[in-house]
Q: 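I'd like to ask some things about the structure below.
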Amino acid sequence: MELYKNDIAFEMPDKTQDETRQGEALIQERPVHIPSNGKKFYIESYGCAMNFNDSEIVASVLTQKGYDSTRDFNEADIVFINTCSIRDKAEQTVRNRLDNLKVIKKRNPGALIGILGCMAERLKEKLLEEEKLIDIVAGPDAYRTLPDLIEEATGGQKAVNVLLSREETYGDINPVRLSSNGITAFVSIMRGCDNMCAFCVVPYTRGRERSRNPESILQEVKDLEQKGYKEITLLGQNVDSYRWSEDESLRGKKLIELKDTDEVFNFANLLETVAQSVPTMRIRYSTSHPKDMLDDVLHVMAKYDNICKHVHLPVQSGSSTCLERMNRTYDREWYMDRIKAIKTIVPEASITTDIIAGFCGETEAEHQDTISLMKEVKYILSYMYFYSERPGTLAAKKYTDDIPELEKKRRLQEIVDLQRIHAHESNVADIGKTFEVLVEGVSKKNENQLYGRNSQSKVCIFDKGNHKVGDLVNVKITACTSGTLIATAI
Ligand code: SAH
Ligand code: SF4
Ligand code: F3S
């Protein structure tokens, strides 16, 4: 699988975090009791794990209506592209892909092309004017209506639904994952985002934050366990603000708005319940927000062996003044206090992050603050980007995108070089240690080797022997690169 490198200049061994991915086709079987309607759909996904999980929901909705999926867009009656808007380059990739898809209509004039996801939501009807070959535009909360939209478009009309919802969580739709390795799966626990980070388009493309009913989450997790899955990742843009209550009026409330007597089920409660309900499965989660990550979640992590010891805590910048312009609602001191809490409560946890170089007005001193913070934390891995202005965001309205591209790239390179050193140092320190690894697949470079991750989310490669995909194997680390641990099974 190709990782979508975009403007990220660092190898990314871990596919479950927030990096964006490019163009994977999804294949899903129609339930046996539902007769085929004779039409095939093809779906290709870009962006974050949540978008990929959404494609599985789309496939569920369509197969329930008798559509069959195909891995070959040439034989599809409907081609869907599930898109990402996070940086300009992500959108450019989709536009280039659309150029390639023109051949579909030449071969089969009746074929439909649908744009789903964040770019659909951001551009709405404008997409239809800009890209004439598009027939359907559907935002992230409109997937239940896709069968109707297809019908409308089949009748020759352009079909659009970009309504965002305050309730939709697709909680009752069980995504079946036939395209995956059958070992690891994503489970969405919430949708949308109520933070207003100045650089970020997500609140506009995904709408208001809403949490999914814990019962439907547990049901999905149990179902995955029964199907033989060994690891799940609980997904949300901001998992720490997960909040469920039987009392509907309490669901959207922020922590500070709640009274002591209000009964709410928070992320720490959910994590603990999931850990208890599937004791033999590994549990990961992503993404934490520094402002909301409190000690309770860390205590739950420390208490349960089956919760992986890894925290992804995006910092974005090491400078308090820059963080303020970014509207991240924490400063460097608060962030470092959270790092201290992780290192104290879950000492074996690895820490990873996201960093943006060259945000509006970033001075050299502010950039150096990011460098010094990296030296203090020593992340095992970072997703690093240079700032890309997104229309309509707070930053686009309030600030000038004033750091020249060359300078953004120089700063990013400095961050990337330092990250590589830290990743390598951390891997060298693991040589001689033993870890339990969940085998996820056969190495692409050498079919006699397997790869998997340890609890800290580091990728380990080792000789196959009698082991197979899905096994938990104890390995001893013998060597490393900056991205991978080389091991032998013991
Ligand atoms: N919800 C997560 C991250 C969502 S987007 C969080 O709050 O951390 C994933 C990452 O993309 C962000 O952490 C940020 O580092 C990066 N990103 C978002 N908008 C960006 C922009 N306009 N330019 C460059 N990078 C951006
Ligand atoms: Fe974007 Fe901030 Fe929400 Fe993350 S928390 S999705 S960066 S607005
Ligand atoms: Fe994800 Fe990209 Fe949308 S990162 S939420 S698919 S803008």
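Computed over heavy atoms, backbone and side chain alike; hydrogens, waters and symmetry mates excluded. Throughout, residue positions are numbered sequentially from 1 according to the sequence presented. When a ligand or atom number is given, it counts from 1 through the structure's own listing order.
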Q: Among all protein heavy atoms, pick out the one at the shortest distance from atom 2 (Fe) of ligand 2; state its residue, atom name and that distance to 0.1 Å.
A: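 So the nearest neighbour among protein heavy atoms is Cys197 SG, 2.3 Å.
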
Q: State if Arg328 counts as touching ligand 2 under the rule of any non-hydrogen atom under 4.0 Å.
A: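 It does, in that a heavy atom of Arg328 comes within the 4.0 Å cut-off of ligand 2.
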
Q: Is it true that the NZ or CZ of Arg325 lies under 6.0 Å from the centre of Phe359's six-membered ring and within 45 degrees of the ring axis?
A: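 Because its charged atom misses either the 6.0 Å distance or the 45° angle limit, Arg325 does not stack over Phe359.
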
Q: Above 12 or not: heavy atoms from other molecules or residues under 6.0 Å from NZ of Lys408?
A: yes

Q: Based purely on interatomic distance, does Thr287 place a nitrogen or oxygen under 3.5 Å from a nitrogen or oxygen of ligand 1?
A: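 In fact, backbone or side chain, Thr287 has no N or O that close.
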
Q: Show your working on side-chain hydrogen bond (donor to acceptor under 3.5 Å, both in side chains) between Glu366 and Ser317 and close with a plain yes or no.
A: CA-CA 8 Å; Glu366 287 176 332; Ser317 166; over 6 Å; no

Q: Is it the case that atom CD in Glu215 sees more than 12 heavy atoms from other parts of the structure closer than 6.0 Å?
A: no

Q: Just do the side-chain hydrogen bond (donor to acceptor under 3.5 Å, both in side chains) check on Ser241 and Glu209 with the steps written out, would you?
A: CA-CA 9 Å; Ser241 54; Glu209 188 175 279; 3.0 Å; yes

Q: Would the distance check show the side chain of Asn51 and the main-chain N or O of Thr83 forming a donor-acceptor pair, the cut-off being under 3.5 Å?
A: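 Looks like yes, one N/O pair under 3.5 Å.
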
Q: Tell me which part of Arg328 gets within contact of ligand 1: side chain, backbone, both or neither, using heavy atoms under 4.0 Å.
A: side chain

Q: Closer than 4.0 angstrom: is that true for some heavy atom of Tyr383 and an atom of ligand 1?
A: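 No; Tyr383 lies far enough from ligand 1 that no heavy-atom distance drops under 4.0 Å.
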
Q: Looking only at distance, does Phe199 have an N or O less than 3.5 Å from an N or O of ligand 1?
A: yes

Q: Take a 6.0 Å sphere around NZ of Lys124 and say whether it holds more than 12 heavy atoms from other residues, nucleotides or ligands.
A: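 More than 12 within 6.0 Å, yes.
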
Q: Taking non-hydrogen atoms only, is Gln316 closer than 4.0 angstrom to ligand 1 via side chain, backbone, both or neither?
A: side chain

Q: Decide whether Ser165 and Arg144 meet the rule of one side-chain donor and one side-chain acceptor closer than 3.5 Å.
A: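 Absent: no donor and acceptor within the cut-off.
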
Q: With heavy-atom distances below 4.0 Å as the criterion, list the atoms of ligand 1 near Gln237.
A: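 Every atom of ligand 1 under 4.0 Å from some heavy atom of Gln237: 1 (N), 2 (C), 3 (C), 4 (C).
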
Q: Near Asn51, which atoms of ligand 3 are under 4.0 Å from a heavy atom of that residue?
A: 6 (S)

Q: Tell me the contacting part of Pro314 for ligand 2: side chain, backbone, both, or neither, using a 4.0 Å heavy-atom threshold, strictly below.
A: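 For Pro314, there is no contact with ligand 2 at all, from either part.
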
Q: Side chain, backbone, both or neither: which applies to Arg390 and ligand 1 if a contact is any heavy-atom pair less than 4.0 Å apart?
A: side chain

Q: Check contact between Ser85 and ligand 3, using heavy atoms of the residue and a distance below 4.0 angstrom.
A: yes

Q: Once you restrict to heavy atoms under 4.0 Å, what part of Cys118 touches ligand 3? Side chain, backbone, both or neither.
A: side chain

Q: Any idea which heavy atoms bring Ala111 and Ala76 closest together, and the distance?
A: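 Minimum heavy-atom separation between Ala111 and Ala76: CB-O, 4.2 Å.
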
Q: Check whether any N or O atom of Tyr387, backbone or side chain, sits under 3.5 Å from an N or O atom of ligand 1, and answer yes or no.
A: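 In this structure, Tyr387 places no N or O atom under 3.5 Å from an N or O of ligand 1.
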
Q: Using the side chain to side chain contact (heavy atoms under 4.5 Å, CB included) definition, which of the options Arg284, Arg191, Met50 pairs with Leu235?
A: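 Among Arg284, Arg191, Met50, the one meeting side chain to side chain contact (heavy atoms under 4.5 Å, CB included) with Leu235 is Met50.
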
Q: Any heavy-atom pair between the side chains of Phe199 and Gln316 that's under 4.5 Å?
A: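 Yes, side chains in contact.
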
Q: With backbone taken as N, CA, C and O and side chain as the heavy atoms from C-beta onward, which portion of Asn195 lies under 4.0 Å from ligand 2: side chain, backbone, both, or neither?
A: both

Q: Ile86: heavy atom below 4.0 Å from ligand 1, yes or no?
A: yes

Q: Could you tell me the residue and atom name of the protein heavy atom closest to atom 1 (Fe) of ligand 2, and the distance to it rounded to 0.1 Å?
A: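 Going atom by atom, the protein heavy atom closest to atom 1 (Fe) of ligand 2 ends up being Cys200 SG, 2.3 Å.
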
Q: Show which atoms of ligand 3 fall inside a sub-4.0 Å distance from at least one heavy-atom site of Cys84.
A: 2 (Fe), 4 (S), 6 (S), 7 (S)

Q: List every atom of ligand 3 that sits less than 4.0 Å from any heavy atom of Gln237, numbering the atoms from 1 in the order shown and giving each element.
A: 5 (S)

Q: For Pro314, counting its heavy atoms only, list the atoms of ligand 1 lying under 4.0 Å from any of them.
A: 8 (O)

Q: So for Ile356, does at least one of its heavy atoms come nearer than 4.0 angstrom to any atom of ligand 1?
A: yes

Q: Would you mind running through ligand 1 and noting each atom that sits below 4.0 Å from a heavy atom of Arg87?
A: 11 (O), 16 (C), 17 (N), 23 (N), 24 (C), 25 (N), 26 (C)

Q: Please identify which of these residues, Arg206, His289, Gln237, meets the side chain to side chain contact (heavy atoms under 4.5 Å, CB included) condition with Cys193.
A: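 Option passing the side chain to side chain contact (heavy atoms under 4.5 Å, CB included) with Cys193: Gln237.
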
Q: Under 3.5 Å, is there a donor-acceptor pair between the side chain of Ser216 and the main chain of Asp172?
A: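 Side chain of Ser216 to backbone of Asp172, a donor-acceptor pair under 3.5 Å: no, none is there.
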
Q: Indicate whether any N or O donor in one side chain lies under 3.5 Å from an N or O acceptor in the other, for Glu272 and Tyr304.
A: yes

Q: Under the salt bridge (charged side-chain N to carboxylate O under 4.0 Å, His left out) test against Arg410, which residue among Glu364, Glu405, Glu362 passes?
A: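 The salt bridge (charged side-chain N to carboxylate O under 4.0 Å, His left out) with Arg410 is passed solely by Glu364 among Glu364, Glu405, Glu362.
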
Q: Within the 4.0 Å heavy-atom shell around Phe199, which atoms of ligand 2 are there?
A: 7 (S)

Q: Looking at atom 3 (Fe) of ligand 2, what's its closest protein heavy atom, distance included?
A: Cys193 SG, 2.3 Å

Q: List every atom of ligand 2 that sits less than 4.0 Å from any heavy atom of Pro203, numbering the atoms from 1 in the order shown and giving each element.
A: 8 (S)

Q: For ligand 1, find out whether one of its N or O atoms is nearer than 3.5 Å to an N or O atom of Ser388.
A: yes

Q: Please list, in number order, the atoms of ligand 3 under 4.0 Å from a heavy atom of Cys48.
A: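 It comes down to these atoms of ligand 3: 1 (Fe), 4 (S), 5 (S), 6 (S).
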
Q: Measure across Asn327 and Ala198 and return the closest heavy-atom pair with its distance rounded to 0.1 Å.
A: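 Where Asn327 meets Ala198 most closely, the heavy atoms are CB-N, 4.0 Å.
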
Q: Looking only at heavy atoms of Arg206, does any of them come nearer than 4.0 Å to an atom of ligand 3?
A: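 Arg206: in contact with ligand 3 (<4.0 Å).
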
Q: So which atom in Ile81 and which in Tyr46 form the shortest heavy-atom distance, rounded to 0.1 Å?
A: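 In this case the closest contact between Ile81 and Tyr46 is CG2-CE1, 3.6 Å.
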
Q: Of all the atoms in ligand 2, which lie at a distance below 4.0 Å from a heavy atom belonging to His289?
A: 5 (S)

